[in-house]
Every structure is written in structure tokens, then in C-alpha cells.
Amino acid sequence: MFKIRIKYEKTGLLKFISHLELARTMERSFRRDKWPLKFSEGFNPHPKISYAAPLPVGASSKYELMEVELTESIDLESMIKRQETFLPNGIKFVEAKYVETKKKLMSTVMYSEYMVFVKTDCDHGAFEKAIEAMVGAENLMIKKMNKKKKWKDIDIRPYIHQLKAISLDDKLLVRMNLSTGSMGNLKPEALMDFMAEKYDVNFEYFRVERLSLMGESFKDLY
Amino acid sequence: MNLKLENLLYQVEKPTRYIGGEVNAYNKEVTEDMVRFGFAFPDVYEVGMSHLGMHILYNLKNEKEDIFCERIFSPWNDFEELLRKEKMPLMTIESKTPISEMDIIGFTLQYELSYTNILNILDLGHIPLKASDRSNDDPVILAGGPCAYNPEPLADFVDLFVMGEGEEVNLEVIALYKDHKKKGFDKDAFLLEAAKTIDGIYVPKFYEPSYNEDGTLASFEPTVEGVPKTVKKRIIENMDRYYYPEKLIVPYMDVVHDRAVVEIFRGCTKGCRFCQAGMIYRPIRERSKANIKENTRKLLDNTGFEEVSITSLSTLDHSEIEDVVYELMEEFKDEKVSLSLPSLRLDSFSLDIVKNIQKVRKTSLTFAPEAGTQRLRDVINKGVTEENLYDTMSGIFANGWNKVKLYFMMGLPTETYEDLDGIATLANHTTYLHKTTDPELRRNGLTVTISTACFVPKPFTPFQWFPQDSMEVFEEKQKHLSKILNNRKVKFNYHDASTSFLEAVFARGDRRVGAALLKAYEKGCKFDGWAEYFDLDLWLSAFDELEIDPNFYATRQRAYDELFPWDFINVGVTKEYLKKEFERAEAGVVTEDCRDGCTGCGLNQTLIGGIC
């Protein structure tokens with residue numbers, strides 16, 4: 001089995017395409033570069049490409065992971081060098097390597113690190129106070145609708161592993177480490193909306209960028 | 001992209017519509033001597049990107065160093081609201097330039113219900129809607145496509161129309177524009193020279209209609225010297241020797257037709273009497289198998305699409321279709337590229353071909369018998385027999401298909417309720433055929449979908465004299481069909497008759513309906529082709545206020561000797577031929593496929609020489 005793990009960036013205008021749109025885009029990019037893709041069996045064969053964690057529309061990322069299965073090996077160094085010939089503007093391959101693991105990439109993800117840029121007229125101190133309160137809280141309850149269309153009370157505190165405000169002149173950044181994946185998932189948007197609702201802060205908008213993906217024990221996922 | 005625009009994209013549905021930057025999109029550095037062309041498809045991105053004509057012209061123009069062609073689409077309502085609120089103009093997809101900075105904007109006229117969107121695009125671009133209000137500094141507004149064969153409803157808004165296939169003539173227009181730009185641009189001088197010297201160009205301001213007491217057209221004459229009395233359509237004569245695009249823009253978005261598309265021939269020889277395309281795209285011009293294969297190979301290499309579709313008006317009628325399909329499948333099977341064949345005819349249907357290309361039999365197969373009885377099918381010259389239909393149905397059911405769609409039309413000439421009942425007979429017999437198919441071979445869970453459209457008589461067809469059924473009659477017929485199609489396995493779909501009514505008004509409208517178009521737009525009409533936005537009452541009030549009777553255009557029986565607003569166009573097929581065909585229709589006489597023997601449509605006298 002030839003499985004390539006690729007760390008890539010999704011930035012620029014491509015932050016607006018959805019995960020599904022990205023998946024289609026990647027398949028076509030590999031076809032253009034004539035990768036020896038491995039296809040699934042059956043009536044509707046598709047290439048075996050998997051992703052660690054989907055990125056919501058509007059978020060950019062410096063650290064995304066995908067795995068691609070091939071029928072034979074290709075030279076990764078030259079592939080990285082010629083990436084601009086087959087990748088769309090906005091996707092950049094940072095690193096690539098062959099991996100032996102049979103485990104599904106998605107099952108190994110546990111945490112994401114995000115940097116959120118906040119556009120606000122509020123005093124930054126107010127945000128720092130809110131964050132301090134959230135970090136110190138025993139639980140933080142939100143209402144979420146489950147699959148059966150019923151509202152459930154969920155405690156999001158256990159999903160927050162780091163939360164810090166960074167004030168750079170008039171710019172406010174919030175750095176956070178949140179649970180990602182099947183063991184628990186908290187999106188930065190949900191956290192920001194919670195903050196605005198429960199605390200004395202507000203913002204015009206915020207922009208999210210993923211900085212890294214981690215597995216067990218906060219180990220680098222790549 | 002500027003920050004202000006980017007911030008708007010966070011507030012809209014499907015921002016992918018507006019970002020551009022796709023693989024194979026062009027983004028040129030603009031120079032002094034470049035002509036900037038905006039190709040405008042008056043609907044949203046996902047609809048416009050499915051139009052092959054745009055891709056052909058986009059690539060053709062952009063391969064010229066001195067032309068930069070960019071795309072313009074209708075913004076969806078949420079984005080439009082934001083643009084208006086922020087006082088931002090509509091921009092091109094490629095460079096995000098305000099569309100008013102284009103030298104020429106070309107609209108493609110694919111369906112009449114897109115006309116209000118054309119006005120909306122101009123308005124969003126801060127470009128005066130009426131040609132007479134525009135100055136030398138405003139872009140030249142050009143339009144082409146099948147609806148240009150009755151250009152009159154848009155005559156107030158468009159500077160010049162292109163009749164026929166646009167590849168060569170677009171380049172000629174741009175070259176002439178470039179010449180005029182060099183010596184200090186004067187729009188009237190440019191339009192005059194275009195009308196006088198370029199075949200296929202119609203400039204409405206140089207022609208004047210006059211009307212009889214009864215409202216019909218009395219005359220339609222040039223108002224200046226040197227412009228042709230008859231405008232002859234343009235065609236690409238040899239498709240093998242002419243241009244085809246080697247790449248297509250690969251959309252990020254899931255567009256309506258999200259695949260590589262290869263045109264295999266133009267024109268159609270069946271002569272179905274309701275079909276405008278079959279008349280206006282003559283003569284038939286095939287591409288050779290070698291050319292088709294080369295085109296497909298290049299497109300797949302340059303795009304990476306996982307599906308390719310071969311397209312034409314009647315694909316299975318290509319003279320080498322079996323070889324084309326088998327060889328394409330053979331070549332691409334290892335790459336796991338799937339081949340799709342839209343537009344299948346029941347009478348030349350080859351089960352073999354479909355079996356091979358449709359690997360996933362869960363999808364539905366669509367056929368168009370169009371009419372419920374043989375009598376009516378003969379009238380409309382759709383040569384499909386009951387035997388054809390039933391043989392085909394038996395064949396597909398025995399091969400695992402359990403979803404079939406059958407298209408029909410209502411309101412065809414000489415139609416009676418007996419013909420409508422025939423639709424139910426066909427539907428019921430189809431379900432019966434499935435039931436009696438060998439249980440080992442058939443897949444259970446049959447759905448037969450019967451879809452009926454409301455017939456709209458079109459210019460340049462033998463039915464162009466025929467009145468459309470009124471909306472009331474359509475509704476009665478729909479009710480009747482609903483009642484008799486009470487088979488559990490049959491689903492019945494029909495469109496609201498009011499959109500077809502409006503389509504009919506503009507399809508055979510004259511220059512005066514343009515005023516109603518403008519008024520309806522001012523009242524808020526747009527996206528008329530979208531059921532959730534179409535508002536009949538607004539349209540009717542627009543007609544009413546202007547004292548224009550829409551029924552005059554849609555539901556009136558026209559006299560044989562009436563002068564039509566589109567008669568000044570030469571599409572190749574003569575009016576005499578259309579009259580003859582209408583008479584044969586009324587007598588229920590079939591006209592054979594002209595590949596089997598010339599039927600005298602006049603093409604080889606009026607348009608092309610020799611044998612067609």
C-alpha cells in the first residue's frame with residue numbers, strides 16, 4: 001500500500017469553499033497531475049482520499065491534513081516542487097511523506113489550535129476578563145439541538161484546553177485549543193458566540209485560522 | 001480581493017459563486033491596447049457555468065493576447081442586497097472589476113425568462129438600461145444565442161445582436177471595436193460599420209418597425225443606407241477544422257453540469273415541428289471521431305474532471321456514434337472517467353450503448369415521447385412509435401433500471417383530450433411492462449415520472465403561426481391528467497402555466513413588449529425562471545399599465561401572410577418550407593429525417609451552396 005500523508009494550507013479566497021468542494025478540487029488536481037490513484041471497488045469508484053477534520057466555510061488554515069492512497073509510489077520531492085502546476089491558487093502543500101498506518105486519519109484527531117482575529121470596538125480588557133471567567137468556570141452550558149431535533153444541554157468546558165487573549169495595539173487575537181473529532185468537537189464559532197452571549201463583550205465579526213491539528217497527548221498529528 | 005468585498009462574502013450563501021480564481025480561469029494584466037470583454041450569463045454562477053457556449057467563447061477570446069474576456073453572472077438575492085446597501089457595483093468574476101469598465105458586454109440569450117436579469121445586471125453595473133441613454137463611455141452591449149432569433153423584445157436595450165454561431169463573428173466585432181477605439185471611439189460610427197460590414201450583425205437602431213391597425217407588423221425597414229435588409233446567420237462550416245477549447249474552467253462549486261463537455265455535432269435532421277433548435281441550428285455538421293477523441297483527451301488532461309459528457313441535439317444520430325462511445329470508454333476506463341450521454345432518442349436508442357456507459361443503474365433514464373398518441377406524434381413529426389417506446393422500456397427494465405422519466409408537452413396543435421388520455425395509456429403500460437419483466441432481471445421499486453411542459457410556439461418553426469393554449473386551458477388539462485394518472489407507480493410533474501405564458505409573449509413578441517419588460521423589472525421582477533421568484537401579477541400589471549395585451553403575442557392565431565418581427569433574419573430554413581410543414585402537420589403527414597433524403601427546407605439555396 002502506498003499512502004501519502006500531506007500537510008497543506010488552505011488560504012486566500014479558497015477559505016470560502018466548503019469541505020465537499022475542496023474534496024472535489026483535490027481529486028481533480030491529482031488527476032491533472034496524473035497521480036496513480038487507488039480507486040474504491042464497485043459501481044461508483046472514487047479515489048481513496050481522506051481528511052483529518054473538515055474546515056468550516058470562511059476559516060483559513062496553515063495546517064490541514066489529508067491522506068491519499070496510490071497504486072504505486074511517486075517521488076514526493078519533485079511533486080512538492082511542481083505543485084503550482086496542478087494545485088489551485090490557495091492550496092499549498094507544506095510537507096508530504098509516506099505512511100504505513102491503517103488507522104483512519106479522522107479517528108486520530110483530538111485537538112485543533114486556532115487563532116481568531118476579532119474585530120471589536122470593545123475594550124480588550126473586557127475580553128480578557130471574559131476569558132479568565134470561562135477558563136476558571138466549572139462548567140459552561142450551551143443548548144444544542146441533537147440529531148433527533150431535541151434541545152440538549154451540553155457542557156463545553158471540557159472541550160476547551162487553552163484560551164488566551166492577545167492584544168497587539170488595536171488588534172485583538174484569541175488563541176484557543178479546542179477538542180476536534182469524534183471524541184468531542186467544539187467549533188471556534190460556537191465558542192465566540194457563547195462568549196458574546198454570556199459575557200459583557202461584543203464584536204463586529206471574527207475570522208478564524210487553524211494553526212495545527214493534534215492527536216493524543218497533544219502530539220503533532222502529521 | 002479587497003477587504004470590503006471579502007467581508008461581504010462572509011455574509012452570503014454559497015460565497016464560492018463569487019470568488020473566481022478557478023483552475024483554467026484567466027487573469028490577465030490589463031494593457032492599453034487590450035479589449036476588455038465581459039461575457040454575461042444572466043443567471044447565477046452554477047447555472048451559467050454549465051453553458052458550453054460560454055466556455056467556448058471565453059477560451060477563444062482569451063487565447064488572443066489583446067482580448068481579456070471575463071465572466072459576469074447574476075448575483076443571488078442575498079449578495080445583491082449587500083451590493084446595493086454598500087453601494088458597490090457588480091463586478092467581473094476574474095479581476096473583480098466593475099462591469100461598467102468593460103469595453104463590450106456580451107449577454108447570452110438562452111431563455112426568455114432571463115431577460116429581467118439582463119436589465120438587473122446592467123442596473124447593478126450602473127449602466128443605463130436603454131441603448132438610447134448610453135454614451136460613448138458606456139460599454140457596448142451585445143447579445144447572441146438562440147433567443148436572438150427574435151431580438152425585438154430586447155431592441156431597446158441591446159446595441160447589437162449576433163445571429164448564429166458566435167465564434168468567428170465575435171472576433172470580427174472585437175477587431176472592429178479595436179480599430180474604432182484607436183481613432184477615438186464613436187459608438188454610432190462603430191455600430192454602423194459593424195452593421196454594414198459584418199455578416200450576422202443586427203443593430204436595432206438602424207431598423208424601424210411600423211404597425212397595422214390590428215397591431216400586426218406592417219413593415220420592418222432599415223433607416224440608413226448600407227445596412228442589410230436581411231440579416232443572415234453565421235455558422236462554423238467545418239467543425240473539424242475550426243477551434244475547440246482545450247481546457248474548461250474547473251468550478252469549485254457543484255454546478256448544474258459539473259463535468260467536461262465535448263460537442264460532437266451541430267444541427268439536427270429529424271425536423272420535429274415544435275423544435276426551434278432543430279430548425280435554427282441547421283445544417284448538420286459533424287465532428288470526426290478522431291477530432292472528438294482528441295478533444296476529450298485534451299480536456300481531461302487539462303481539467304481533471306471525473307466525468308465527460310458528449311453533447312449534441314440528438315447524440316445517438318451521429319454517424320459514428322457506436323465507435324465514438326466504445327472507443328472513448330475503452331480509452332478512459334483505466335482512469336475511471338465516466339461517460340454520460342444526455343439527449344437519448346427512443347427510436348435510435350441503443351440499449352447496448354446505454355448499458356455500457358451507465359454503470360450505476362440507480363440513476364434515471366429520460367426519454368421524450370412528447371405526445372400521447374401516434375396521431376399527435378405524427379403531427380409534431382416526432383417519429384417515435386409505441387413499439388419503440390415499449391421495446392425500450394422492456395429492455396431497460398430487464399437490465400436493472402427502475403427509474404424512468406417521460407417528457408410530454410401539452411397544448412400541441414390539433415391536440416384533443418384523447419391525446420392526453422394517451423399519455424396515461426403509455427404510463428400505465430410502462431408500469432405493466434415492468435411488472436411483467438422477469439423478476440430475476442428486474443429491480444423492484446419502479447418509479448415512472450411523467451413530466452408535461454406547456455407548449456410554447458417558437459419563431460422559425462412550422463408552429464410559429466399557432467396560438468398557445470390559454471393558462472386556463474392548461475390548468476384544466478393539468479387537472480385532467482392528474483386525475484387519470486392515478487397509478488401508484490406514476491408520479492406526475494407539471495410546471496405552472498404562467499411562466500410558459502410569459503415565455504410565449506417574449507418568444508414571439510415585437511419591439512413594443514420591451515416597454516413591458518422594463519416596467520416589470522421596475523416593479524421588481526427578476527429571476528423569472530425561478531419558480532419561487534416568478535410573479536405573474538406584477539407582469540400582468542406591467543402589461544396592463546402600458547395597455548399592451550400579452551395575449552396578442554401568446555394566444556392569438558396568426559394569419560399565414562402575417563409579417564413577423566423575426567422575418568428579416570435568414571436562418572437558412574425558408575418561410576415557405578415552414579408553411580408547408582405546418583400544412584403537413586395539420587394533415588398528420590410525417591416528414592422523414594433529411595439524412596435519408598432532402599426535404600427541401602431551402603438551406604442549400606439561402607445559406608450554404610451545394611448539398612448539405
Original post:
Near B:Lys28 NZ, under 6.0 Å, is it more than 12 heavy atoms from other residues, nucleotides or ligands?
Top reply: yes
**OP:** Give a yes or no on this: more than 12 heavy atoms of other residues, nucleotides or ligands lie within 6.0 Å of atom NZ of B:Lys293.
**Re:** yes
**OP:** Rounded to the nearest 0.5 Å, what's the gap from NE2 on A:His46 to NZ on B:Lys336? Could you check?
**Re:** 12.0 Å
Original post:
Rounded to the nearest 0.5 Å, how far apart are CG of A:Leu13 and CD of B:Glu22?
Top reply: 10.0 Å
Subject >> Any B:Val337 side-chain heavy atom under 4.5 Å of A:Arg31 side chain >> reply: yes
Original post:
Given that the side chain runs from C-beta out, which part of B:Thr303 has a heavy atom under 4.5 Å from chain A: side chain, backbone, both or neither?
Top reply: backbone
**OP:** Can you tell which part of A:Pro45 gets under 4.5 Å to a heavy atom of chain B, answering side chain, backbone, both or neither?
**Re:** side chain
Subject >> More than 12 heavy atoms from other groups under 6.0 Å of NZ on A:Lys104 >> reply: no
Original post:
Are A:Phe16 and B:Tyr18 near enough that their ring centres are under 6.0 Å apart?
Top reply: no
Original post:
Quick one: does B:Val250's side chain get under 4.5 Å of A:Arg32's, heavy atoms only?
Top reply: yes
**OP:** Please say whether more than 12 non-hydrogen atoms of neighbouring residues, nucleotides or ligands are located less than 6.0 Å from CG in B:Asp258.
**Re:** yes
Subject >> Sequence-distant partners of A:Lys7, side chain to side chain contact (heavy atoms under 4.5 Å, CB included), two or more places apart >> reply: A:Tyr63, A:Leu65, A:Val94, A:Glu95, A:Tyr222
Subject >> Other residues, nucleotides, ligands: >12 heavy atoms within 6.0 Å of A:Lys3 NZ >> reply: yes
**OP:** Using the side-chain contact (heavy atoms from CB on, under 4.5 Å) rule, take B:Lys14 and A:Val57 through it: C-alpha gap first, then chi angles, then the decisive distance, then the call.
**Re:** CA-CA 9 Å; B:Lys14 306 191 187 178; A:Val57 174; over 6 Å; no
Original post:
Can you tell me if CG on B:Asp438 sees more than 12 non-hydrogen neighbours from other groups inside 6.0 Å?
Top reply: yes
Subject >> Flag if over 12 foreign heavy atoms under 6.0 Å of CD, A:Gln162 >> reply: yes
**OP:** Nearest 0.5 Å please: distance from the CD atom of B:Glu306 over to the CZ atom of A:Arg28.
**Re:** 4.0 Å
Original post:
side-chain hydrogen bond (donor to acceptor under 3.5 Å, both in side chains): which pairs involve residues 245-254 of chain B, sequence neighbours left out?
Top reply: B:Glu246-B:Lys298
Original post:
If you count heavy-atom pairs under 4.5 Å between each of A:Ile17, A:Leu37, A:Leu20, A:Asp33 and chain B, which one has the most?
Top reply: A:Ile17
Contacts under 3.5 angstrom, residues 166-178 of chain A side chains, donor-acceptor by atom type, not counting sequence neighbours:
unit_1, atom_1, unit_2, atom_2, d
A:Ser167, OG, A:His124, ND1, 2.4
A:Arg175, NE, A:Glu113, OE2, 3.0
A:Arg175, NH2, A:Glu113, OE2, 2.6

Subject >> Structural part of B:Asn24 lying under 4.5 Å from a heavy atom of chain A >> reply: neither
Original post:
Should the heavy atoms of other residues, nucleotides or ligands under 6.0 Å from NZ of B:Lys85 be counted, would the total exceed 12?
Top reply: no
Original post:
Checking side-chain contact (heavy atoms from CB on, under 4.5 Å) for the pair B:Tyr10/A:Lys15: CA distance, chi angles, key distance, verdict?
Top reply: CA-CA 10 Å; B:Tyr10 280 96; A:Lys15 59 183 178 242; 3.0 Å; yes
Original post:
What are the residues of residues 188-211 of chain A, in order of number, with any heavy atom under 4.5 angstrom from a heavy atom of chain B?
Top reply: A:Tyr205, A:Arg207
